[in-house]
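First up is the structure itself, then whatever we jot down about it.
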Amino acid sequence: MSTVELTAENFDQTLNDNEFVLIDFWASWCGPCRQFAPVYEKASEKHEDIVFASVDTEAQQQLAAAFDVRSIPTLAIIRDKTLIYAQPGALPEPALEELIKQARDVDMAEVKRKAAEAETAEQA
């Protein structure tokens, strides 16, 4: 599957319709972004069960701000509408594959349980 262009208009639907989404925040003037693009595209072809999205930070400044993107490229991983990873930096192919494996292995029930506990503690 090729990458999907993520915009403010299709963001909610993309996350609601897919349980596993990777997001690459990039800009056309960014050298490391251009180096990372083929690695990201190749991974998208390998992992057809994952939505690989990209956000042009110049055109979608609100989305970049919502994710607090301060450096590009930044990669974010969302599972079950929950952000589980967000870090700047272009990754080589083996590191991206390992990151995807780790993201697959995350126990989302545990993540949601801990988030609920933290929210309850904040309200107390």
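No experiment lies behind these values; they were computed from the predicted model shown.
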Any chance [atom1] of [X] has more than 12 other-residue heavy atoms, nucleotides or ligands included, within less than 6.0 Å?
X	atom1	answer
E117	CD	yes
Q13	CD	no
K114	NZ	no
E19	CD	no

(message) How close do L91 and V39 get, counting heavy atoms only, and between which atoms?
(response)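 The answer is O-CG1, 3.7 Å.
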(request) Kindly give the heavy-atom pair with the smallest separation between A53 and Y40, and that separation in Å. (result)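 Looks like O-OH, 2.7 Å.
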Answer yes or no: is there an ion pair linking [X] with [Y], defined by an N-O contact shorter than 4.0 Å?
X	Y	result
E97	K42	no
R79	D107	no
K101	E98	no

(message) Same cluster or not: V55 versus V21, using hydrophobic residues (I, L, V, M, F, W, Y) connected whenever any side-chain heavy atoms lie under 4.5 Å apart?
(response)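 Yes.
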(message) Using 0.5 Å steps for rounding, measure from the CG atom of L99 to the CZ atom of R104.
(response)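 Between L99 CG and R104 CZ, I get 11.5 Å after rounding to 0.5 Å.
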(message) Is there a side-chain contact between Y85 and I78 in this structure, where contact means two heavy atoms from C-beta onward sitting under 4.5 Å apart?
(response)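 The answer is no, as the side chains (C-beta and beyond) never meet within the 4.5 Å cut-off.
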(request) Would you check if H47 and F20 make a side-chain contact, meaning some heavy-atom pair closer than 4.5 Å? (result)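 They are not in side-chain contact.
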(message) Does the plane of the ring in F67 sit parallel, tilted or perpendicular to the ring in F25? Use 30° and 60° as the thresholds.
(response)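 It falls in the tilted class, 30° to 60°.
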